[in-house]
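A short write-up of the structure that comes next.
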2 protein chains.
Amino acid sequence: MTLRVKKIGVRGNKRFFCPDRCGRLRQVPTSPAPTTRRSLRGRPAATSHAEIEQAAFQLFVTRGFEATTLDDIGEAIGVGRRTITRYYPSKNDIPWGQFDRTLDGFREILRATPTELQLHEAVHRGVLAFNDFPTDASPSHRDRMRLILTTPALQAHSVLRYASWREVIAEYVAERTGTRPDDLLPQTVGQVSLALALTAYQAWLADESASLPQLLDATMAHLRSYLAG
Amino acid sequence: MTLRVKKIGVRGNKRFFCPDRCGRLRQVPTSPAPTTRRSLRGRPAATSHAEIEQAAFQLFVTRGFEATTLDDIGEAIGVGRRTITRYYPSKNDIPWGQFDRTLDGFREILRATPTELQLHEAVHRGVLAFNDFPTDASPSHRDRMRLILTTPALQAHSVLRYASWREVIAEYVAERTGTRPDDLLPQTVGQVSLALALTAYQAWLADESASLPQLLDATMAHLRSYLAG
DNA sequence: TATCTTTTTGACCCTGAGTGTCATTAATGT
DNA sequence: ACATTAATGACACTCAGGGTCAAAAAGATA
């Protein structure tokens, strides 16, 4: 019989060790599987997406992403590994945080763009506005993007997020040109817009003093001059 | 003691069951870790990258990528799971096959492009030439790309391959413009070229009768008209 | 022919991500 | 008090990945 010695360590109830947690902002109870529903009935949630995200981020930047296990994260906030996997579908999804919710904001931004603008001008402004992040975020936008864009596993996983981002653009372009989102023009614009944004982001991370909006303009300018010959 | 019942099934030596394998083309012995060296001394390789790739591909398209385990693949060609992980660094790397070697060809193609051509014209022709695949490949280029571009895990993993592809373009652009490969223009051109190619590929997979070269031209044309306004 | 050398294989070991199951816990509502 | 509800944590399992090492199977050599 393989001895089962591990994990007998007392983790116990978390509220027992940290009763003041109740006072924190828990704006969205964010029950494990359903992300937006709130529950007032059953056992209260022992943690939140935000708490997991911040504790994990701390560990990711200090120990490195690969070297941090889900057990480490759970231990940091006094929660079991299984709980974490219920809040986030995968370890790779933690650094992105609540990205999906920001996509709705992106849609709003594009919809609010004046239609007098040329299509490419409207999309470009939309991209600029989407990437105008508040500076007080924690972890900071730059740190988050640095982690995502320099960790191979996260680089890879991010394409799935990018696909949703591109679809927002494709839908907007389709609506304005009377085509379908999966037609060639909307898809091309979505892909190219992402390409420009990623290039700008990479330069932004490489140069601490750089301005992201200016870099977004610069990549677009480079593309124009490149195509002009 | 945990009973160890599994894997007692007789696998035995493979050549014993399939003595005619010796006659096959084994153009590159492709020893496990070193990819290009050939060995005439020690124990002969029981399999090859090509054999693994074809057996795996067969299983991927029939059972699905996720549903196929490395054990399945190993069983299909009479080889242990550990052997497969020696030939390929990860399951995700199997469908790409010998992609890295084709990148050298890409470099050659670009280098051979007449310098009288405008930069964007040269890059575009290079991309076209790179994607002019022989039609007798097995698995076919289309089937391989379909698997890669429709399986989420492979979509994600592929960005790491794409990075090398983009670098080839960035290096070429850097050389022709007197900049460094990590400057903004070469990086932008690399990212945008990939964006156009991926869009073309997706349309190519969606329409059986489509021509890939024409779609590559079409995405470029769409980008031009989009930017022209 | 017997032995040495070289190289690959396969068995065995472990870690870690991800998932299903289910009893337990901790709240609300009656 | 008791029922209801919902999250948690313990447990078991599969699979990918990787380290280690004895055994296998060839060529080379005596």
Side-chain angles (χ1 to χ4, degrees), chain A residues 2 4-16 19 21-22 26 29-34 37-49 52 56 65-75 77-94 153 157, chain B residues 1-16 22 26 29-34 37-49 52 56 65-75 77-94 153 157:
Chain A
T2 37
R4 180 161 305 281
V5 196
K6 56 189 176 183
K7 275 300 179 49
I8 305 197
V10 205
R11 173 172 296 121
N13 182 349
K14 188 187 177 179
R15 285 182 68 255
F16 183 75
R21 292 183 68 265
C22 310
R26 190 85 58 85
T30 56
S31 56
R37 210 167 307 153
R38 64 176 51 225
S39 68
L40 285 177
R41 278 298 274 275
R43 176 174 175 170
T47 183
S48 66
H49 284 91
I52 293 174
F65 181 79
E66 304 291 353
T68 303
T69 70
L70 293 180
D71 280 308
D72 294 335
I73 302 170
E75 198 180 4
I77 57 181
V79 143
R81 181 177 68 93
R82 190 65 182 87
T83 297
I84 295 184
T85 66
R86 271 197 278 259
Y87 277 78
Y88 287 93
S90 84
K91 185 183 168 186
N92 289 331
D93 285 302
I94 300 180
H157 184 73
Chain B
M1 300 291 287
T2 37
L3 267 291
R4 182 160 303 282
V5 196
K6 56 188 175 183
K7 276 297 180 49
I8 304 194
V10 205
R11 173 173 298 120
N13 182 348
K14 189 187 176 181
R15 287 181 67 255
F16 183 76
C22 309
R26 189 88 56 87
T30 55
S31 56
R37 209 168 309 154
R38 63 176 52 223
S39 67
L40 283 177
R41 277 295 275 273
R43 175 172 174 171
T47 183
S48 66
H49 285 90
I52 293 174
F65 181 79
E66 305 290 353
T68 303
T69 70
L70 293 180
D71 281 308
D72 294 336
I73 302 169
E75 199 180 3
I77 57 182
V79 144
R81 180 177 67 91
R82 191 66 182 85
T83 296
I84 295 184
T85 67
R86 279 202 198 91
Y87 277 78
Y88 287 93
S90 83
K91 184 182 169 186
N92 291 331
D93 286 301
I94 301 180
H157 184 74

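Computed over heavy atoms, backbone and side chain alike; hydrogens, waters and symmetry mates excluded. Letters A, B, ... mirror the listed sequences (proteins, then strands); counts begin at 1. Since the model is a prediction, treat every value here as computed from it, not as a measurement.
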Taking D/dG17, D/dT8, C/dG10 as options, the one with an atom nearest any side-chain atom of B/Arg81 is D/dG17
From CG of A/Leu70 across to P of C/dG18 the rounded distance in Å is 6 Å
Closest to the side chain of A/Thr69, out of D/dG9, C/dG18, C/dA17, is C/dA17
All heavy atoms of B/Ala153 vs all of B/Phe65, minimum pair found to be CB-CE2, 4.2 Å
Separation of D/dC15 atom P from B/Asn92 atom CG, nearest Å, is 16 Å
Atom CZ of A/Arg43 and atom P of C/dC22 are separated, to the nearest Å, by 19 Å
Taking D/dG17, D/dA28, C/dT9 as options, the one with an atom nearest any side-chain atom of B/Arg41 is D/dA28
Atom CD1 of B/Ile84 and atom C1' of C/dT8 are separated, to the nearest Å, by 15 Å
Do the side-chain N or O atoms of A/Ser90 get closer than 4.0 angstrom to the phosphate oxygens (OP1, OP2) of C/dA17? no
Sorted by position of nearest nucleotide on DNA chain C, 5' first, the leading residue of A/Phe65 and A/Arg82 is A/Phe65
Of the candidates D/dG9, D/dT20, C/dG18, the side chain of A/Arg86 sits closest to D/dG9
In whole angstroms, the gap separating P of D/dG9 from CG of A/Asp71 amounts to 12 Å
Whole-Å distance, B/Ile73 CD1 to D/dA16 C1', equals 11 Å
query: Would one find a side-chain N or O of B/Tyr88 under 4.0 angstrom from OP1 or OP2 of D/dA16?
result: no
inquiry  = Any heavy-atom pair between the side chains of A/Ile94 and A/Ile73 that's under 4.5 Å?
reply    = yes
Here the distance between atom P of D/dG17 and atom NZ of B/Lys91, to the nearest Å, is 8 Å
Heavy-atom nearest pair, A/Lys91 first then A/Thr68, reads NZ-O, 2.7 Å
Between the NE2 atom in A/His157 and the NE2 atom in B/His157, the distance rounded to the nearest 0.5 Å is 15.0 Å
In whole angstroms, the gap separating P of C/dT8 from CD1 of B/Ile52 amounts to 13 Å
- Task: Please confirm whether the backbone N or O of A/Ile52 pairs with a side-chain atom of A/Tyr88, one donor and one acceptor, at under 3.5 Å?
- Result: no
Check: Under 4.0 angstrom, heavy atoms only, what part of the nucleic acid is B/Thr85 near: base, sugar-phosphate, or nothing?
Finding: nothing
